[in-house]
Structures are given as C-alpha cells and as structure tokens.
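Every number for a ligand or one of its atoms is a count from 1 in the order of the listing.
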Amino acid sequence: MIRFDHVSKLFRGQTDPALDDVTFEILRGEFAFLVGASGSGKSTVLRHILLEEHPTEGQVHVLGQDLQKISLRKVPFYRRNVGMVFQDFRLLANKTVFENVAYAQKVIGKTRGQIRQAVPEVLKTVGLQGKEDRFPHELSGGEQQRVAIARAVVNKPAILLADEPTGNLDPATSREIMKVLRRINRNGTAVVMATHDVSIVDEAKQRVIELDNGAIVRDEEIGVYTPEIVKYEEPEAPDVAAEQPHRQTIAEAMAERVGKPDRRGASAAVVDSPTTRLPEHDDDVSDWADDEEGSR
Ligand SMILES: Nc1ncnc2c1ncn2[C@@H]1O[C@H](COP(=O)(O)OP(=O)(O)OP(=O)(O)O)[C@@H](O)[C@H]1O
C-alpha cells in the first residue's frame with residue numbers, strides 16, 4: 001500500500017539528507033507510528049506520501065502507483081486517497097463544523113444530497129454529533145482535532161496521515177483522539193502517525209518505525225516509544241572447580257600403586273577423604289550418593 005524503496009531526500013542548500021536510504025512498507029489497513037527526535041525526518045516521510053515532496057533518490061509507491069510517474073494533472077485525484085491531520089488542526093475559522101467537513105466533499109464535486117448524508121455520519125464517527133453549527137473558536141482543542149479528522153476521512157481515503165495530532169492536547173484528550181484514530185483504522189483506513197507522545201505509543205501496542213537523522217533505526221511490529229535499554233550484567237564468575245584439570249586423588253594414587261582396580265573400588269575406598277573429587281559419570285554419582293547416605 002505504501003512502499004519506500006531506498007528513498008533519500010536532500011533539500012536544496014543542505015549538506016545532510018533529511019531522509020537517508022529509507023526503505024519500508026505499510027500494508028492495507030495497518031496502523032504505524034513514526035517516532036524519532038525533532039528533525040529526524042518524520043514529517044518529510046509524510047510529505048512524500050502526500051506528494052508534497054519528491055525523493056532525490058529512490059522510489060515511493062502508494063496504492064500500487066509509482067508517485068514519480070503521476071502527472072501534475074492527476075495529483076488532486078491521487079490526494080483523494082490520502083487524508084491528513086496536523087498538530088494545529090488547520091480549520092477554516094469562518095465556517096461551522098458542518099461546513100468545514102462539507103468543504104472537503106464540495107471540492108471533489110459531491111452533491112448536496114451526498115454531503116447531507118456523509119457529514120453527519122462522519123461527525124458521529126468522531127463523536128461530534130450535535131455540534132454541527134459551532135465555529136472552531138467555540139470548540140475545545142480536542143473537538144477541533146475531531147473536526148479535522150472528520151474532514152480528513154469524510155471522502156473515505158485508504159490512508160490517513162497524522163502529523164503530531166495530539167501535540168497540542170492534554171493526555172486525556174490525546175487518548176480520546178487516539179480512540180477516534182483507532183476506530184477509523186478498524187474501519188479499514190491505514191493510519192500513519194508521526195508523534196512524540198510516549199504514552200500514546202506505549203499504550204497502543206502497534207507498529208513503530210523509528211527514524212534517526214533521516215535513517216530508519218528500528219521497525220517493530222508491536223513497539224514502544226523507547227525500547228528498554230538492556231542492562232549490562234557482570235558475567236557470572238566461572239566455575240573454577242569445574243575448570244580445574246583433573247587432579248589425582250589419594251585413592252587413585254594408591255590404586256595405581258597396588259595395580260589398577262576399577263574406579264568404583266577406588267572411590268569407595270576414600271569416601272571420607274576431604275580431597276575426594278566428585279566422580280565424572282552418572283553411574284559413579286549414584287554410587288556416591290549411596291555411599292554418602294550410608295556414611296551419615
Ligand atoms: N523544506 C525544507 N528545506 C530544507 N530543509 C528541510 C525542509 N523541510 C525539512 N527540512 C529539514 O529536514 C530534516 C527533517 O525534518 P522533518 O520536519 O522531517 O523532521 P521531523 O522528524 O518531522 O521533526 P519534528 O518532530 O520537529 O516535526 C530537518 O533537518 C529539517 O530542518
């Protein structure tokens with residue numbers, strides 16, 4: 001559905017690439033987080049998917065199309081498949097909730113009847129029923145973001161891109177917005193979300209792709225924001241006794257002197273000796289156990 005093949009991006013006038021040999025694939029209906037420090041390249045990845053940037057090297061395929069081959073004329077049609085939400089909502093201040101969402105339908109030529117059906121439906125999905133006539137300044141931040149999400153998905157795009165959608169919201173409101181995004185994802189829309197929100201990522205248990213200086217350094221099917229650092233542990237002290245070369249016991253030395261009896265005889269002869277070593281074979285161990293028992 002979304003495939004980056006060795007994508008590098010060097011912005012004009014820059015010496016370091018914003019994307020450095022980035023390769024990944026996001027499947028239909030997947031939910032993936034993009035994480036990484038500020039400037040690591042998350043927004044640049046999203047802007048490539050939205051066809052706002054072109055790679056310096058490599059290819060981006062979305063919905064089976066090589067984006068480099070889409071003619072300028074077809075870009076608006078392509079973008080209907082990709083909804084986008086931002087940290088700062090970007091609503092039209094002089095339009096109501098209904099009008100903000102309806103606008104996305106109007107520009108692609110939907111009829112009034114279609115709009116009258118689709119807008120209330122999507123406002124219900126994002127939990128804004130009853131607030132159709134409010135203006136953005138009459139809404140909380142979380143509600144404004146719900147409007148922005150409704151506007152982004154009203155045309156039923158296959159992909160929803162979200163660039164820090166919870167960046168301006170408190171933790172409880174962020175969680176609510178996450179629920180809305182998960183609901184949209186469950187309805188079949190792939191969601192790619194760039195975020196710095198540690199608890200949102202940790203709680204979601206979804207795919208996590210981490211960028212560092214434009215390169216992918218981690219891609220986990222079910223990831224967290226920061227993987228646990230593996231603690232360094234001192235290696236266990238070696239088992240000195242086990243590593244010592246075989247030292248002849250008194251019994252063995254005596255046995256050697258009087259001819260060569262079997263090992264059982266030798267062991268049995270020195271059962272109380274403090275210098276006796278444990279026998280090396282299983283049959284010898286059971287013999288030892290019997291002898292120990294008997295000597296107590
Ligand atoms: N239009 C541009 N011209 C030049 N450099 C740019 C441009 N857009 C982005 N960059 C640079 O590319 C790098 C990646 O930026 P990007 O915005 O993708 O990072 P990010 O991970 O989204 O950061 P943040 O978390 O702060 O949003 C940065 O070094 C940035 O300065």
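Protein heavy atom at the shortest distance from atom 15 (O) of ligand 1 is Thr44 OG1, 3.7 Å. At the shortest separation from atom 17 (O) of ligand 1 among protein heavy atoms lies Ser43 CB, 3.7 Å. Protein heavy atom nearest atom 12 (O) of ligand 1, with residue, atom name and distance: Ala18 CB, 3.3 Å. Closest to atom 26 (O) of ligand 1 among all protein heavy atoms lies Ser38 OG, 2.4 Å. Taking atom 9 (C) of ligand 1 as the reference point, the nearest protein heavy-atom neighbour is Phe11 CE1, 3.4 Å.
A salt bridge links Glu220 with Arg218: the closest approach of a Lys/Arg side-chain nitrogen to an acidic carboxylate oxygen falls below 4.0 angstrom. Looking at Asp133 and Lys131, no side-chain N of the basic residue comes within less than 4.0 Å of a carboxylate O on the acidic one, giving no salt bridge.
The shell of residues lying under 4.0 angstrom from ligand 1, judged by heavy atoms, excludes Arg12. In this structure, Gly36 falls outside the shell of residues with a heavy atom less than 4.0 angstrom from ligand 1.
Enclosure of atom CZ in Arg80 by more than 12 non-hydrogen atoms of other residues, nucleotides or ligands within 6.0 angstrom is indicated.
Below 3.5 Å of separation, one finds an N or O of Gly39 facing an N or O of ligand 1. Between Glu53 and ligand 1, a contact under 3.5 Å exists for no N or O pair.
Here the side chain of Asp20 pairs no donor or acceptor atom with the backbone of Gly214 at under 3.5 angstrom. Within the 3.5 Å criterion, the main-chain N or O of Gly130 finds a donor-acceptor partner in the side chain of Glu132. Using modelled atom types, no side-chain atom of Lys95 and backbone atom of Phe135 make a donor-acceptor pair closer than 3.5 Å. Without hydrogens or angle criteria, Arg134 side chain to Val97 main chain gives no donor-acceptor distance under 3.5 Å.
Using a 4.0 Å cut-off between heavy atoms, His196 contacts ligand 1 through its side chain alone, with no backbone atom that close. Contacts of Ala194 with ligand 1, taken as heavy-atom pairs under 4.0 Å, are absent altogether.
Atom OG1 in Thr15 sits 8.0 Å away from atom CG in Leu10 (nearest 0.5 Å).
Close approach of ligand 1 to Ala37 is summarised as follows: ligand atoms under 4.0 Å from at least one heavy atom of the residue are 21 (O).
Distance check on atom 31 (O) of ligand 1: every protein heavy atom falls at or beyond the 4.0 Å cut-off. Closer than 4.0 Å to atom 28 (C) of ligand 1 lies at least one heavy atom of the protein.
With Phe31 as the aromatic partner, Arg182 meets the cation-pi criteria of under 6.0 angstrom to the ring centre and within 45 degrees of the ring axis.
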